**Student:** 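Below you'll find the structure I mean.
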Amino acid sequence: MDDPYEGGGIVLGKIEDILNWGRSKSNWYLHFGLACCAIEFMAMNASHFDFMRFGTIPRTSPRQADFIMITGTVTFKMAERIKILYEQMAEPKYVISVGSCSNCGGPYWEHGYHVLKGVDKIIPVDVYIPGCPPRPEAFQEGMIKLQKKINEQAIFNKRKRLKKEQSDDNK
């Protein structure tokens with residue numbers, strides 16, 4: 001896809017690259033807003049920053065979402081619900097952790113017995129967005145990083161590797 005053929009609008013490329021391009025530019029997200037980071041995320045969806053220009057569309061069902069965005073302080077009670085939502089998402093699924101509270105517990109973890117010390121203790125996180133609360137520009141940078149990660153994933157080779165690992169396990 002880097003070097004298009006100059007005759008008649010034909011583009012040469014690998015199917016894997018085209019599929020990854022499509023997957024990275026049309027992500028549906030499940031937003032799990034818990035605290036002040038969620039307010040900043042609302043500003044991100046407003047007309048000034050326009051989060052939808054990245055191809056992201058909000059979904060209310062985890063079964064329709066490609067990634068979940070955790071914003072704010074995660075308590076132990078909420079951690080159970082986040083894990084359930086994550087497990088309901090279809091593969092491939094991604095996680096963006098937003099703000100100091102969801103990344104590492106923020107200012108509350110040291111004196112609060114009820115705060116989870118990072119959402120990565122319960123689900124795997126793909127992109128961390130730092131800040132307390134992060135600016136909308138940081139949200140944009142995090143989305144760009146997630147798109148790059150999706151764009152570089154191996155689709156077909158991954159299947160071959162999994163089949164090989166399964167056959168090695170059966171021996």
Side-chain angles (χ1 to χ4, degrees), residues 19-20 22-45 49 51-52 54-155 157-159 161-163 165-166 169:
L19 291 174
N20 280 339
R23 286 184 333 117
S24 70
K25 303 299 187 225
S26 62
N27 290 310
W28 294 2
Y29 65 89
L30 176 66
H31 181 226
F32 201 84
L34 295 165
C36 48
C37 292
I39 304 298
E40 287 294 321
F41 187 69
M42 289 176 202
M44 182 67 198
N45 281 311
F49 294 102
F51 198 48
M52 286 191 184
F54 291 101
T56 59
I57 298 173
R59 303 307 301 168
T60 56
S61 170
R63 290 174 179 87
Q64 298 172 344
D66 296 316
F67 70 94
I68 185 169
M69 185 172 287
I70 311 294
T71 57
T73 309
V74 180
T75 61
F76 289 117
K77 191 182 279 188
M78 277 297 156
E80 298 171 19
R81 283 133 183 103
I82 290 172
K83 187 167 178 72
I84 290 169
L85 288 173
Y86 178 78
E87 290 169 352
Q88 290 177 350
M89 293 172 62
E91 291 287 339
K93 51 190 169 185
Y94 308 97
V95 177
I96 295 180
S97 177
V98 180
S100 297
C101 293
S102 63
N103 289 347
C104 63
Y108 307 107
W109 74 269
E110 190 173 346
H111 303 292
Y113 62 91
H114 62 292
V115 177
L116 187 68
K117 293 161 184 58
V119 76
D120 58 349
K121 304 287 187 213
I122 55 166
I123 57 176
V125 175
D126 296 296
V127 177
Y128 292 94
I129 299 176
C132 185
R135 297 271 310 136
E137 293 87 359
F139 282 96
Q140 291 175 341
E141 182 67 28
M143 190 63 221
I144 290 169
K145 287 184 184 215
L146 181 64
Q147 286 179 339
K148 284 181 183 176
K149 180 175 184 163
I150 294 171
N151 219 6
E152 295 170 356
Q153 282 187 329
I155 298 172
N157 294 336
K158 182 178 180 181
R159 290 182 186 161
R161 270 196 319 265
L162 288 175
K163 286 181 184 178
E165 288 173 8
Q166 289 172 352
D169 290 341

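We use all heavy atoms of the structure for the numbers below, so side chains are in, but hydrogens, waters and symmetry mates are not. Bear in mind that the values here come from a model prediction, so they are computed numbers and not experimental data.
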**Student:** Identify the heavy atoms of E40 and F139 that sit nearest to each other, and give their distance.
**Tutor:** CB-CE1, 4.0 Å
**Student:** On a heavy-atom basis, which atom in G99 and which in P134 lie closest, and how many Å separate them?
**Tutor:** CA-CD, 4.0 Å
**Student:** Got a sec: does the NZ of K93 have more than 12 other heavy atoms crowding it under 6.0 Å?
**Tutor:** yes
**Student:** Under the 3.5 angstrom rule, does the side chain of D126 hit a backbone N or O of I96 as a donor-acceptor pair?
**Tutor:** no
**Student:** What distance separates Q88 CD from S61 OG, expressed to the nearest 0.5 Å?
**Tutor:** 7.5 Å
**Student:** Taking atom CE of M78 and atom CG of L116, what is their separation to the nearest 0.5 Å?
**Tutor:** 12.5 Å
**Student:** What's the spacing between K25 NZ and N20 CG if we round to 0.5 Å?
**Tutor:** 10.5 Å
**Student:** Any chance the side chains of Y94 and N27 put a donor and an acceptor closer than 3.5 Å?
**Tutor:** no
**Student:** To the nearest 0.5 Å, what is the distance between OG1 on T60 and NE2 on H31?
**Tutor:** 13.5 Å
**Student:** Which atoms form the tightest heavy-atom contact between Y113 and F76, and what is the distance?
**Tutor:** O-CE1, 3.2 Å
**Student:** For P62 and L85, work out which heavy atoms get closest and say how close.
**Tutor:** CB-O, 3.6 Å
**Student:** Got a sec, which residues hit side chain to side chain contact (heavy atoms under 4.5 Å, CB included) with P58, two or more places apart in sequence or on another chain?
**Tutor:** Y29, M52
**Student:** To the nearest 0.5 Å, tell me how far F32 CZ sits from I82 CD1.
**Tutor:** 4.5 Å
**Student:** If we ignore hydrogens and angles and just use 3.5 Å, is the side chain of T56 paired with the main-chain N or O of W28 as donor and acceptor?
**Tutor:** no
**Student:** Go through the structure and list residues passing salt bridge (Lys or Arg N to Asp or Glu O under 4.0 Å) with K148, not counting sequence neighbours.
**Tutor:** none
**Student:** For the atom pair CD1 (I70) and CD1 (I122), what is the distance rounded to the nearest 0.5 Å?
**Tutor:** 7.0 Å
**Student:** Check the pair M143 / Q147 against side chain to side chain contact (heavy atoms under 4.5 Å, CB included), numbers first and verdict last.
**Tutor:** CA-CA 6 Å; M143 190 63 221; Q147 286 179 339; 3.9 Å; yes
**Student:** Provide the closest heavy-atom pair for S97 versus N103 in the form atom of the first, atom of the second, distance.
**Tutor:** OG-OD1, 2.6 Å
